[in-house]
There are 2 protein chains.
Amino acid sequence: MKKALRSSPKPVRPSALQAESLRQTRREHAAETAEDYAEAIADLAASQGEARVVDLARRLGVTHVTVNRTLARLQREGLVSVQPYRAIFLTPAGRKLAEECHHRHSVVVDFLKSLGIPEKTAEIDAEGIEHHVSPGTLAAFAKYTNR
Amino acid sequence: MKKALRSSPKPVRPSALQAESLRQTRREHAAETAEDYAEAIADLAASQGEARVVDLARRLGVTHVTVNRTLARLQREGLVSVQPYRAIFLTPAGRKLAEECHHRHSVVVDFLKSLGIPEKTAEIDAEGIEHHVSPGTLAAFAKYTNR
DNA sequence: TACATAATGTAGCTTTGGCTACACTTTGGC
DNA sequence: GCCAAAGTGTAGCCAAAGCTACATTATGTA
Ligand SMILES: [Mn+2]
Ligand SMILES: [Mn+2]
Ligand SMILES: [Mn+2]
Ligand SMILES: [Mn+2]
């Protein structure tokens with residue numbers, strides 16, 4: 001029913017490509033929490049010796065309740081191992097994820113700084129951008145930084 | 001209680017900055033749906049003459065049910081005006097948002113392409129990155145593209 | 001004009017990830 | 001060794017965004 005009212009000039013972007021791009025973005029968002037948690041846990045383990053719920057909450061800018069529920073999910077997914085009133089540990093899979101994320105984070109931050117963006121802004125923007133950078137784009141960023 | 005087990009060498013990143021960066025990222029995610037919808041509605045209005053629920057669903061890669069519920073929220077927030085079985089219209093605020101988003105999207109895509117990233121990858125990555133680019137970073141992207 | 005079908009709307013479910021309020025456990029300092 | 005305070009856990013609330021299944025409305029065509 002209802003055909004195009006006028007001769008649809010230029011489909012600004014093909015619907016199928018945009019739909020696929022948005023689906024990809026949503027997949028990235030679903031993985032994002034796990035990535036930030038893994039990175040934060042590894043960071044804390046390195047700098048404090050261990051990661052506690054309260055440290056994570058401070059680091060991630062959420063309450064300890066949110067941290068607890070998210071850790072339960074990450075344990076279900078095999079990324080962390082938690083026991084009541086104990087420090088939080090990454091599984092091998094969690095450690096691998098943390099390393100990849102830390103690397104990606106560094107590449108993005110360094111790239112933004114090499115464009116002349118101030119450190120603090122680079123840190124803030126990178127925290128969001130890092131999850132949406134495909135391998136090819138990451139490589140292009142790294143190449144530009146070390147040009 | 002529990003003090004640092006060892007002499008906490010280097011806090012890889014200050015907790016306060018990371019927490020603030022993550023809060024900013026979450027704020028951006030909360031605004032993201034509105035931005036993509038506004039842009040898609042404006043696009044459809046321009047290319048088809050009007051935006052219908054079914055077109056949006058195809059464009060956004062979700063079911064028409066999701067589109068309906070999201071439109072109800074966007075109407076609550078004063079960005080769109082919807083009436084049962086009618087085309088969807090942007091309010092002045094919605095049009096303004098759509099223009100800004102369309103501009104940001106173009107700048108990010110052009111920037112990625114100017115780094116040598118293939119068009120399709122640029123489109124996919126931009127769909128996520130665009131929501132995490134601060135004004136300063138956007139300006140740096142634009143400047144690099146037209147260097 | 002009738003009506004099959006496309007479009008639209010709604011009910012009700014799920015997961016994620018925020019929160020407050022309150023309860024329980026650990027632990028450092030006295 | 002006690003015990004207050006810090007840390008941790010849990011119950012239960014909320015909103016966003018996804019879905020399926022089904023009901024209702026509009027409309028192009030026969
Ligand atoms: Mn991040
Ligand atoms: Mn990060
Ligand atoms: Mn987008
Ligand atoms: Mn994002």
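Predicted model, so just to flag it, every value in this text is computed and none were measured. Throughout, protein chains are lettered first and strands after them, A, B, ... in sequence-line order, and every chain is numbered starting at 1.
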**Prompt:** Cluster question for you: counting only ILVMFWY and a side-chain heavy-atom cut-off of under 4.5 Å, with indirect links fine, are A:V109 and B:F111 together?
**Reply:**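 No: no chain of side-chain contacts under 4.5 Å links A:V109 to B:F111.
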**Asked** Hey, can you pull the residues of residues 19-42 of chain A with a non-hydrogen atom under 4.0 angstrom from DNA chain D?
**Response**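 Within this stretch, A:R26 sit under 4.0 Å of the strand.
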**Request:** With the side chain counted from C-beta on, respond yes when B:L112 and A:F141 share a heavy-atom pair under 4.5 Å apart, and no when they do not.
**Result:**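 Yes, side chains in contact.
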**Prompt:** Distance only, no hydrogens: is a donor on one side chain within 3.5 Å (strictly under) of an acceptor on the other, for B:D110 and B:T145?
**Reply:**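 Distance-only check fails for B:D110 and B:T145.
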**Request:** Compute whether any side-chain donor of one residue and acceptor of the other, for B:D36 and B:H131, lie under 3.5 angstrom apart.
**Result:**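 Note: B:D36 and B:H131 side chains meet the donor-acceptor criterion.
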**Message:** Whether the side chain of B:S47 engages the backbone of B:D43 through a donor-acceptor N/O pair (distance < 3.5 Å, no angle test) should be reported.
**Reply:**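 Answer holds: yes.
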Using atom names, set out every protein N or O paired with an N or O of nucleotides 8-12 of chain C below 3.5 Å, distance rounded to 0.1 Å.
from	atom 1	to	atom 2	distance (Å)
C:dT8	OP1	B:R52	NE	2.7
C:dT8	OP1	B:R52	NH2	3.2
C:dT8	OP2	B:V54	N	2.8
C:dT8	O3'	B:Y85	N	3.4
C:dG9	OP1	B:Y85	N	2.9
C:dG9	OP2	B:N68	OD1	2.8
C:dG9	N7	B:H64	NE2	2.9
C:dG9	O6	B:H64	NE2	3.0

**Message:** What is the distance, to the nearest angstrom, from the CG atom on A:L71 to the P atom on D:dG7?
**Reply:**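 Taking CG of A:L71 and P of D:dG7, I get 16 Å after rounding.
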**Asked** OP1, OP2 of C:dC19 versus side-chain N and O of A:T66: anything below 4.0 Å?
**Response**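 So the side-chain polar atoms of A:T66 do come within 4.0 Å of the phosphate oxygens OP1 or OP2 of C:dC19, strictly under.
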**Request:** Answer yes or no: does a side-chain N or O of A:R76 lie under 4.0 Å from OP1 or OP2 of C:dT16?
**Result:**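 True: A:R76 side-chain N/O within range (under 4.0 Å) of C:dT16 OP1/OP2.
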**Option from B:Q24, B:H132, B:R13 for which side chain to side chain donor-acceptor pair (under 3.5 Å) with A:E127 holds** =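 With A:E127 as partner, B:Q24, B:H132, B:R13 yield a single side chain to side chain donor-acceptor pair (under 3.5 Å), made by B:R13.
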**Prompt:** What's the shortest heavy-atom distance between B:A40 and B:L60, and which atoms?
**Reply:**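 Scanning both residues, the minimum pair turns out to be CB-CD2, 4.1 Å.
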**Watson-Crick or G-U counterpart of C:dC30, or none if no pair lies under 3.5 Å** =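 Base-paired to D:dG1.
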**Message:** Run the side chain to side chain donor-acceptor pair (under 3.5 Å) test on A:E35 and A:H105 for me, step by step, so that the C-alpha distance in whole Å, both residues' side-chain angles and the decisive distance to 0.1 Å come before the verdict.
**Reply:** CA-CA 10 Å; A:E35 297 181 353; A:H105 189 94; over 6 Å; no
